[in-house]
Amino acid sequence: MGKQVTIVGGGVIGLCCAYYLQKAGHDVTVIERGGITNGTSFGNAGYVSPSHFIPLASPGIVAKGLGWMLSSSSPFYIKPRLDAGLIRWGLTFWKSANEKTMKQNIPPLNNMLHLSRELTSQIKQDLGNHFRMAEDGCFMMYKSAATEKHELELAKDAARLGIETRVLSPAEVQDMEPDVEINIKGAVIYPIDCHLHPGDFMTTMKNHLEKVGVKLQLNTEVTGFEKNGRTIKSVVTNKGKFDCDELVFASGSWLPILASQLGIHMILQAGKGYSVTYPDMKKNLRRPAILVDNRVAMTPMGKDLRMGGTMEISGINSRILIKRVESIYKAAKSYYPNLDISFPSTDKIWSGLRPLSPDGLPYVGRHDKYDNLIVAGGHAMLGVSLAAGTGKLVEEIVGEKKTSIDIAAFDVQRYG
Ligand SMILES: Cc1cc2nc3c(=O)[nH]c(=O)nc-3n(C[C@H](O)[C@H](O)[C@H](O)COP(=O)(O)OP(=O)(O)OC[C@H]3O[C@@H](n4cnc5c(N)ncnc54)[C@H](O)[C@@H]3O)c2cc1C
């Protein structure tokens, strides 16, 4: 018999959990403060990318990040503030950003990326490709010799993990992108990567879940919980109480706020990023590309083009720092000189909050303070890439099954 599972958060993680839980026969309710119409899971770059096997906390990132912090147009920014959560996050990130931890974290991240990549294709088969999924790889483009060296080393690491890459000259890339001019030193392509329109993916999921009987309790804010010893009996909201056999936290950047209501400290910070979408491009890119020197993501989504980037750790807010958006725009124009895009008005700039764990691995698993609490969060810049895999793992945890991959590295209590 299925269980009554309540999921808090209707982002890509919450919806993918609901997808697999419903399939397995559980009675699922998703409680979401908004309407599942916008938010971080909608305006992102839409990559499903096994190429991103290096966790965010890696050697060199601290020094690089400190340098970037001095420039208002850099891809990375931490707003210094006296906040206990930020200080704990910063210290844990700093401790994790070493060779040994990174090497430990690559295999589990790689496993989950591959699981999720495969499952995302299966979702496309099951629901139909209503979300512009294109399975034709992603370029890592570079302009400087230093970035080239770094990308070639990464390609060797990828080969050691069995991930295919090809190093391309500017002329080869230009041949593959005949409609736009390219100005680069070279690129590495990861053919296994794919991309989709994340907003369309969310809408497809939402429609499907409604159709198969998942209860989407929208415009409803979770404000507390009712407990009986080690069991969470119900979720309290501004629209009444919802009973649960199992509770899943999939609340993105708000995970620490929710967890604290159950006396649990989760180390997580929001990492803001921006994107701008140009509809109906006459001459569009054929493939997505990361402009590595500037950490900018370019994604063709059918006829539309989205550019995005920056990582601002400045708390939970939607303030737009226009200089950083200018940097994204300038990078796009410098890699694609004749791309027909203009600098957007402020109302066309989207921002979203990546839920950043301090080591770059998600939190997926049970919390042993309670008998029925599962956490699925902290997916950072990989929420779309890891959503299907996370959903499947959560379904397996709820069903007390052997998980498809070892989840020890995603332990939700690894920082106490
Ligand atoms: C610019 C940018 C580009 C990105 N590009 C990519 C990419 O190409 N590929 C990729 O894999 N990832 C990418 N990401 C990251 C990805 O978008 C996130 O990792 C992912 O969307 C996080 O999903 P989530 O479901 O955990 O959180 P969210 O989408 O934030 O969902 C959490 C939900 O919980 C709800 N919630 C919170 N608290 C409560 C409460 N108390 N009551 C009710 N509801 C609540 C919120 O309203 C929210 O809707 C990008 C992010 C940004 C900003």
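Whatever order the structure lists them in is the order used to number ligands and atoms, beginning at 1.
- A cation-pi contact, defined as under 6.0 Å to the ring centre and within 45° of the axis, is absent between Lys124 and Phe131.
- Ligand 1 lies out of reach of Thr237, whose nearest heavy atom is not under 4.0 Å from it.
- Between atom 18 (C) of ligand 1 and the options Gly252, Gly10, Ala380, the minimum heavy-atom separation is to Ala380.
- Residues Leu255 and Tyr363 form a side-chain contact, since some pair of their non-hydrogen atoms from C-beta on lies under 4.5 Å apart.
- Using a 4.0 Å cutoff on heavy atoms, Gly308 does not count as a contact of ligand 1.
- Using modelled atom types and a 3.5 Å distance limit, the side chains of Gln217 and Thr237 yield no donor-acceptor pair.
- Distances from atom 32 (C) of ligand 1 to the heavy atoms of Ala270, Gly271, Pro355, Ser251 show the closest one on Ser251.
- Contact check on Asp200 versus Arg132 returns a salt bridge, with a Lys/Arg side-chain nitrogen under 4.0 Å from an Asp/Glu carboxylate oxygen.
- Residue contact annotation: Ser275 has no non-hydrogen atom under 4.0 Å from ligand 1.
- At least one N or O atom of Gly46 sits closer than 3.5 Å to an N or O atom of ligand 1.
- Atoms of ligand 1 found under 4.0 Å from any heavy atom of Ser385 (numbered from 1 in listed order, with element): 10 (C), 11 (O).
- Of the heavy atoms in Arg33, both backbone and side-chain atoms come closer than 4.0 Å to ligand 1.
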